[in-house]
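Data first, discussion second: the structure below is written as C-alpha cells.
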Amino acid sequence: MNSLSGKTIFLTGSGGVLGTTYVRRMLDAGAKVVASELKGARYDGLHDTFGKNENFALYEMDVSDEDAVTETFNRFLGDGHKPNVFFNNASITGEMLMKDGAEFPDFANTTLASWNKTLDVNLTGPFLVAREIDRQIIGKWDLKLINIASMYALRAPHHDIYDGMPFKNFSAYQATKAGVHGITLWLASYWRKKATVNTLAPGAVFNGHSEEFQKRVSSLIMQDRMAQPDEIADVALFLSSNAANHMTGQFINVDGGYNAW
Ligand SMILES: NC(=O)c1ccc[n+]([C@@H]2O[C@H](COP(=O)([O-])OP(=O)(O)OC[C@H]3O[C@@H](n4cnc5c(N)ncnc54)[C@H](O)[C@@H]3O)[C@@H](O)[C@H]2O)c1
C-alpha cells in the first residue's frame with residue numbers, strides 16, 4: 001500500500017461506516033487526519049476511538065451550514081493544520097431521513113423538506129467546502145479533492161430489490177450523487193494546474209443488511225457480493241496518494257462490477 005506520509009487529509013462526515021474506516025486506514029498509512037462530523041454520538045465515537053492519536057484532529061462541522069464551514073476552516077488553519085487532501089464524504093441517505101421511525105415514503109409522498117435537506121447536505125455541502133478551499137488554500141499548496149458519489153449516481157437503481165424492505169432507494173440521493181460529479185468536472189477544469197479533483201463512487205457496502213437484501217443486491221453485482229468498507233478505503237488511499245497525481249476529472253467506480261453490467 002502507498003505510504004501517505006506528508007499527507008494531511010480533511011474529511012467531512014467522518015464518523016460513519018466508511019468515514020471511520022478511512023480515518024483508521026489513513027492514520028495507519030502515515031497521514032495526518034483532520035476529521036469533521038456533526039455534533040453527537042458519531043463525533044463522540046471518533047473522539048473516543050482516535051482522540052489520543054497525535055496525528056488526529058477533530059472538528060464539529062455541519063457541511064450544510066455556510067458559516068460553520070468557514071469557521072471550521074478558520075479553526076483548523078489557525079491550529080496549524082494544512083490539509084493537502086480533502087474528502088467531501090458527508091451524506092444524507094434516505095435511511096437517515098427516517099430516523100423518527102416514519103415509514104419510508106414512496107415517490108409521491110416524498111416531501112419537499114426531505115428533498116431539500118438531501119440537496120443541502122450532499123450537494124451544497126461539497127460546494128461550500130470547495131468554495132472555502134478556493135478562498136483560503138488554492139494556489140498556496142498542491143491539493144487533491146475527492147468527492148464521494150455512489151453506484152447510484154450514473155446508473156439507475158433496480159427498484160424491485162427494495163420490495164418489502166424497510167428502506168427504499170431515495171430519488172434525491174441519486175440526484176445529488178450525479179450532481180456531485182458535475183462539481184468534480186467543473187472544479188477539475190477550474191483548478192486544473194492547482195489541484196486534482198476526482199469522484200469516488202462506492203458500491204453496496206455491507207453494514208448488517210439482511211440475508212435477503214444481500215442476495216438481491218448481490219445478484220446485480222458481477223462479483224456476486226457486497227463490498228467490505230476496507231475495499232473502498234483501499235481506493236480512497238490510492239486517490240489520496242502521489243500515485244494518483246496524473247488523474248483528474250475522473251469517476252472511479254469501486255462496485256464489484258455493478259456499473260459495468
Ligand atoms: N455505505 C454504502 O453502501 C455507500 C455506497 C455508496 C456511496 N456511499 C457514500 O459514501 C459516503 C459515506 O457513507 P457511509 O456509508 O459511511 O454513510 P454514513 O451514513 O454511515 O455516514 C455519513 C456521515 O455523514 C454525516 N453527516 C450527515 N449529515 C451531515 C451534515 N449536515 N454535516 C456533516 N456531516 C453530516 C453523518 O453524521 C454520518 O456520520 C457517503 O457520501 C455515502 O453517500 C456509501
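Sequence positions, counted from 1, serve as the residue numbers for this chain. Whatever order the structure lists ligands and atoms in, that order sets their numbers, starting from 1.
- A ring-centre distance under 6.0 Å is found for Phe10 and Phe73.
- Of the candidates Val217, Leu38, Leu18, Asn122, Leu38 brings a heavy atom nearest to atom 30 (C) of ligand 1.
- Looking only at protein heavy atoms, the nearest one to atom 32 (N) of ligand 1 is Val63 N, 3.0 Å.
- Within the listing of ligand 1, atoms 6 (C), 7 (C) sit less than 4.0 angstrom from a heavy atom of Ser150.
- Of all the listed residues (Ser14, Gly203, Ala204), Gly203 holds the heavy atom that lies closest to atom 5 (C) of ligand 1.
- For the pair His81/Lys32, no side-chain contact is recorded, criterion being any heavy-atom separation below 4.5 Å from C-beta on.
- Taking atom 12 (C) of ligand 1 as the reference point, the nearest protein heavy-atom neighbour is Asn89 OD1, 3.2 Å.
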- Message: Please evaluate residues Lys194 and Asp134 with respect to the criterion salt bridge (Lys or Arg N to Asp or Glu O under 4.0 Å), reporting the C-alpha separation (whole Å), side-chain torsions for both, the decisive distance (0.1 Å), and the verdict.
- Response: CA-CA 10 Å; Lys194 299 169 182 159; Asp134 197 74; over 6 Å; no
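- The main-chain N or O of Leu38 is never found under 3.5 Å from a side-chain atom of Glu60 such that the two would form a donor-acceptor pair.
- Counting only heavy atoms of the protein, atom 25 (C) of ligand 1 lies nearest to Glu37 OE1, 3.5 Å.
- Some N or O of Val205 is nearer than 3.5 Å to an N or O of ligand 1, by distance alone.
- Here the heavy atom of the protein found nearest to atom 23 (C) of ligand 1 is Gly13 O, 3.5 Å.
- Scanning the protein heavy atoms around atom 6 (C) of ligand 1, the nearest turns out to be Pro202 O, 3.2 Å.
- Within 4.0 Å of atom 17 (O) of ligand 1, not a single protein heavy atom is present.
- Figure legend: cation-pi geometry between Arg155 and Tyr258, with NZ or CZ positioned under 6.0 Å from the six-membered ring centre and within 45° of its axis.
- In this structure, Thr93 does not count as a contact residue of ligand 1, since none of its heavy atoms falls inside 4.0 Å of the ligand.
- Taking only nitrogen or oxygen atoms, main chain and side chain alike, Ile148 does not reach within less than 3.5 Å of ligand 1.
- Close approach of ligand 1 to Tyr173 is summarised as follows: ligand atoms under 4.0 Å from at least one heavy atom of the residue are 6 (C), 7 (C), 8 (N), 9 (C), 42 (C), 43 (O).
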- Under the salt bridge (Lys or Arg N to Asp or Glu O under 4.0 Å) criterion, do Arg131 and Glu66 qualify, and how do the steps go? CA-CA 10 Å; Arg131 190 183 64 175; Glu66 184 174 22; 2.8 Å; yes
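- Of the options Gly45, Gly15, Gly19, Ala149, the smallest heavy-atom separation from atom 7 (C) of ligand 1 is shown by Ala149.
- Of the possible polar contacts, none joining the Glu37 side chain to the Arg42 backbone as a donor-acceptor pair under 3.5 Å is found.
- Between the Asn89 side chain and the Thr12 main chain, a donor and an acceptor come within less than 3.5 Å of each other.
- Per-residue contacts place Met61 under 4.0 angstrom from the following atoms of ligand 1 (heavy atoms of the residue considered): 32 (N), 33 (C).
- Ligand 1 lies out of reach of Met226, whose nearest heavy atom is not under 4.0 Å from it.
- In this view, Thr118 satisfies the side-chain hydrogen bond (donor to acceptor under 3.5 Å, both in side chains) rule with no residue, not counting sequence neighbours.
- Under the 3.5 Å distance criterion, with hydrogens and angles disregarded, a donor-acceptor pair is assigned to the side chains of Asp79 and Tyr59.
- Atoms of ligand 1 lying under 4.0 Å from at least one heavy atom of Asp62, given by number and element, are 30 (C), 31 (N), 32 (N).
- Considering only non-hydrogen protein atoms, atom 22 (C) of ligand 1 sits nearest to Ser91 O, 3.8 Å.
- A donor-acceptor contact under 3.5 angstrom links the side chains of Asn242 and Lys7, judged on distance only.
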